[in-house]
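Working notes, structure below.
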Amino acid sequence: MSAPDPSSLGGQQSAAEATHGEDVAEGASLWGEAWRDLRRNPFFVLPVLVIAVLTVMAIWPQLFTDLVPRSCDLSRSADPPEAGHWFGFDRQGCDLYTRVVYSTRASLLIGLTVTLGAFAIALVLGSLSGYYGRWLDAVLGRIADVFFGIPLVIGAIVLLTAVVDRGVWQVSAVLTLLAWPPMFRLMRSTVLSARESDYVQAARALGAGNARVIIRHVIPNSIAPVIAYATVFMGVIIGAEATLTFLGAGLQLPALSWGVLLSSPPPRELLNTPHLLLFPSLFVSLTVLSFVLAGDTLRDALDPKLR
Amino acid sequence: MSELPTTHDTGAWSLPRRGEPVLSVRDLHVEFRTRRGTLQAVRGVSWDVEPGETLAILGESGSGKSVSAQAVMGLIDSPPGHITSGSIHFRGRDLLGAPEVEQRRVRAEGVSIIFQDALTALNPVFTVGWQIAELFRVHRGLGRREAYQRAGDLLDRVGIPSARQRLHEYPHQFSGGMRQRAMIAMALALEPDVLIADEPTTALDVTVQAQIMDLLTDLQRDLGMGLVLITHDLAVVADVADRVAVMYAGRVVETGRVREVFTDPAHPYTLGLMRSIPPLERRTASLDPIRGTPPNPGALPVGCAFAPRCAFARDRCREEDPALEVVEAGRASACHFSEEVRRDG
Amino acid sequence: MGRYILRRILQMVPVVICATFLIYAMNFALPGDPVRALGGERPLPEEVQEQIRDRYNLDDPLLVQYGKYMGNVLQGDLGESLAVRRGTDVSDIIADTWPVTALLALVAFAFEIVIGIGAGVVAALRSGSFLDNLVRGSTILIVSVPIFVIGLVAQIVFGVRLGILPVAGTAQGWVSYILPGFVLAAVSLAYVSRITRNSLMENLRADYVRTATAKGLSRRRVVGRHALRNSMIPVVTFLAFDLGTLLSGTIVTEGIFNLNGIGGIAFDAIRQQDGTVVVGIVTMFVLIFVLANLIVDILYAVLDPRIRYD
Ligand SMILES: Nc1ncnc2c1ncn2[C@@H]1O[C@H](COP(=O)(O)OP(=O)(O)OP(=O)(O)O)[C@@H](O)[C@H]1O
Ligand code: SF4
Ligand SMILES: [Mg+2]
């Protein structure tokens, strides 16, 4: 799996120019109008609710289960679902539901860390690259090309096999390192079109300093599509972590994530105990789906060309 | 024409004629149904052209000129666009009711159109020659070689230097004027009876504009075809057109022979247009000289659509929509007070 | 055209160098003992450790190490397997297994092109219809489910429950490739159909489509010849970009379906912590990926005459 090309999901291909020609004041109303649309859109509201529940689950897992993830009974190894244990038991005989609930934290945390990291890189480097252009743009563009030349999961496998202890932070760092280029490119192109717009030209003509122009005018007017993309991105990263871990190159026990739950039994065994496959992967898929849907609808709502 | 005139339709067809019109549009209505409501872009437009004649359609931006032309060519995107009523006759046959195959044949050989921006109107991934030759191959069944031969002749005819070589170039390799020439060549490939030119020179440099207009009138004379010229340029209308239809808010508000309409307008909007031109600088004058802005086609006022901007407006204008009525032989105007307008004008 | 290709190749060189260097450096120059990392949790015998130090020139400065390593790679020497096929050259393993992977990728590509583009075209021509929404819905769904889950579910449904398609190995010839090929293609197929749909819809609104209609061409010709040709430009670009997804996908797919291709070997190597095999295969995947991007750049220039070669 690779980080998706920003233009490949969703309605129009014009996300990069979404805010082109809007003023800052209109930038504010852009969000206002988007919110009015989104509020009534079930394909936005439902995913956001799911994400909210998952967030609570990540922070306070004990709200969702009375059991603790490490109290297990080996005699119940891989037993199917039953009353009181809706998801059944995993190979160690632990209650699978509890394990799934407690796995939420690591999965979301990796997604969030990588997204914030890539977003920060995109915000800073993308703005500089798009705004100043010239050699800075050329250098940053080439660097992005290098990382773009390494498919996300493949690159992560190599880098992570070299890491002996793979925890949340190591996995996040490697994924951030490899996944930032598409977001950077998106930010750069929206900044580029914002820079050419009349109000930025006007602000510059009025003698506003570069830093001020970037922070007050350029960024607010070019960030909307990047935020929408970052939402989709977070889903993609959560999926990538699960895949990596499933392959054995991601998190390791005793850390818990959905990927870890899916990777501990060998694949062949999953075929005979479908509940071990079904429940963790249902959580992964629902989470990824929620972020992808929310980001997708957000992007459409923020695109003035689609109104 | 045997149909009875409808409310907004009495002028154009009652002109004294030399012959039968080759293309006639009757009481055409086009609306766009968008999420924000229904927009009446064309509200009962009628006009017609005879062989060899030039009809100019004049009007400010958004008055429905292009939409009515697109309706004739079957180019209204549906949804959101719908032709809700009216008829379009080509050589006496109603096109709107005709089967798809026949509509296509008329589009191929009967009526052609050229657009304002030839760069976007030509397909960027095929050579100019291929695009012209396509017509001969599809509609005439010619082989590749012969089709290209004919395409080369055409490019030559529209004044493209070293036409044979340029056949194999792509549209982006042509200059703006050359592209429009290529567009014209394509439109005239199958020698249509009518050419609709939708602002054919707006996107071009002033010097090139005159060349393209010369080329068009030249070809029109040679081929004896009717020309429907959509334009903002009053000077061009005065130069080349025989008759003119002035459009406002989706409707023809005045029509007649160019000289008569221009010297003796019978509608306040036309009068405003004429007054806006300083006599000595006709060539550089642009349209839209009248105070105020055109009405939103999604929310037209009751009564006369021009009333909010009209110096002649009375109470009656805000209640009753004026019909297009004959004011003298070959002339019609859609104004309750056209007599008064002509006296004052 | 020749100069354009040459320039693209020259631009590609630094990307290849930096990317492979990055992979190499991460593996051999991080703090900690690279030899131990290569061997994973398995204690390596003294002489093997010595061999590795020697093989990767770990006593040289990093840049020299890398230079020597790349020199070897370019001569087809990717080192020796430490676990999966102990003692075999990685290049021999690859030479042995690539036909399986190539066939799998080919089947997946065919699915992508036929189903992906087909669904996209149908969705665009009937935009807003039930069919369009179905395509849109299922693509988002497919994109959201990790590929290994799709693979395992497909195995359970088609192989175990319905028993209509082989779930593992290549014993039954090309039929064995249908299920893994489809699984491998699934995600990309979804993207392809979305891109095709959006691109075609955009092009259907373009002025030149109007011109084509005004020329009296049939709808079929207007769409199939004029609009579709233009719409394929972003699709082709995506297909190259997507080769990366396909390559990483083969690791998962071949692993799950127990195919003995390059990906399957990599899958085992990761689980058995056979570092040389992983690094060797991935380095090769990166090279293929970059090369595919070059080919697409050229294809792109052929498809879109507006690209200037100079
Ligand atoms: N595809 C469409 N969807 C919605 N509204 C449309 C569409 N095409 C045209 N319109 C509307 O129809 C009205 C008439 O447009 P039209 O293009 O005919 O104007 P025009 O007289 O040709 O103006 P111009 O001189 O600017 O070319 C406008 O209000 C326009 O917004
Ligand atoms: S009808 Fe009235 S408002 Fe309309 S143009 Fe005539 S005078 Fe003006
Ligand atoms: Mg127009």
Side-chain angles (χ1 to χ4, degrees), chain A residues 1-2 4-5 7-14 142-143 145-159 161-164 174 177 235-236 239-240 242-243 246-249 259 262 266-268 270-272 274 277-278 280-282 284-293 296, chain C residues 11 14-16 18-19 22-23 26-28 30 32 34 36-38 40 140-141 143-149 152-153 155-156 159-160 167 187 191 194-195 198-199 202 234 238 241-242 244-245 247-249 251-252 255-256 258 266-267 270-271 273 275 278-279 282-283 285-286 289-290 293:
Chain A
M1 191 182 300
S2 309
D5 177 11
S7 63
S8 54
L9 265 180
Q12 295 275 303
Q13 303 223 310
S14 56
R142 286 292 91 76
I143 295 177
D145 281 352
V146 169
F147 288 95
F148 207 73
I150 309 175
L152 180 62
V153 168
I154 291 191
I157 288 171
V158 183
L159 302 194
T161 44
V163 179
V164 177
V174 165
L177 181 73
V236 171
T243 304
F246 170 77
L247 285 174
L262 289 163
R268 206 121 298 283
L270 284 177
L271 295 184
N272 303 323
L277 166 68
L278 183 66
S281 54
L282 209 62
V284 183
S285 306
L286 194 67
T287 309
V288 179
L289 180 65
S290 299
F291 280 104
V292 170
L293 265 182
D296 208 37
Chain C
Q11 280 177 358
V15 173
V16 171
C18 293
L22 201 75
I23 292 171
M26 287 293 288
N27 261 279
F28 296 101
L30 279 183
R36 194 172 100 62
L38 270 183
I140 287 199
L141 205 67
V143 166
S144 305
V145 183
I147 178 171
F148 66 92
V149 175
L152 292 168
V153 170
Q155 277 185 321
I156 292 180
V160 179
V167 292
V187 175
Y191 278 112
R194 281 298 282 279
I195 296 170
N198 293 342
S199 170
E202 207 166 284
F238 173 80
F241 170 83
D242 181 54
T245 316
L247 291 177
S248 24
I251 301 182
V252 180
I256 294 177
N258 209 9
F267 181 82
I270 296 166
R271 294 216 155 195
Q273 305 192 297
V278 175
V279 174
V282 168
T283 305
F285 278 179
V286 169
F289 180 62
V290 175
N293 274 291

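Naming: A, B, ... by sequence-line order, numbering from 1 per chain.
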(message) On a heavy-atom basis, which atom in A:Val236 and which in A:Val288 lie closest, and how many Å separate them?
(response) N-CG1, 4.5 Å
(message) Between A:Phe147 and chain C, with a heavy-atom cut-off of 4.5 Å, which part of the residue counts as in contact: side chain, backbone, both or neither?
(response) side chain
(request) Report the residues that fulfil ring pair (Phe, Tyr, Trp, His ring centres under 6.0 Å) with C:Phe285, sequence neighbours left out, ordered by chain and then residue number. (result) none
(request) Using side-chain contact (heavy atoms from CB on, under 4.5 Å) as the criterion, list what pairs up with A:Ala156, not counting sequence neighbours. (result) A:Leu160, A:Val174, A:Leu175, A:Leu178, A:Leu244
(request) Taking all non-hydrogen atoms of both residues into account, name the closest pair between C:Arg194 and A:Asp296 and its distance. (result) NH2-OD2, 3.4 Å
(message) Taking every non-hydrogen pair under 4.5 Å, which of C:Val282, C:Thr283, C:Ile251 racks up the most with chain A?
(response) C:Val282
(message) I'd like to verify something: which residue of C:Ile270, C:Leu247, C:Val153, C:Val252 has the highest number of heavy-atom pairs under 4.5 Å with chain A?
(response) C:Ile270
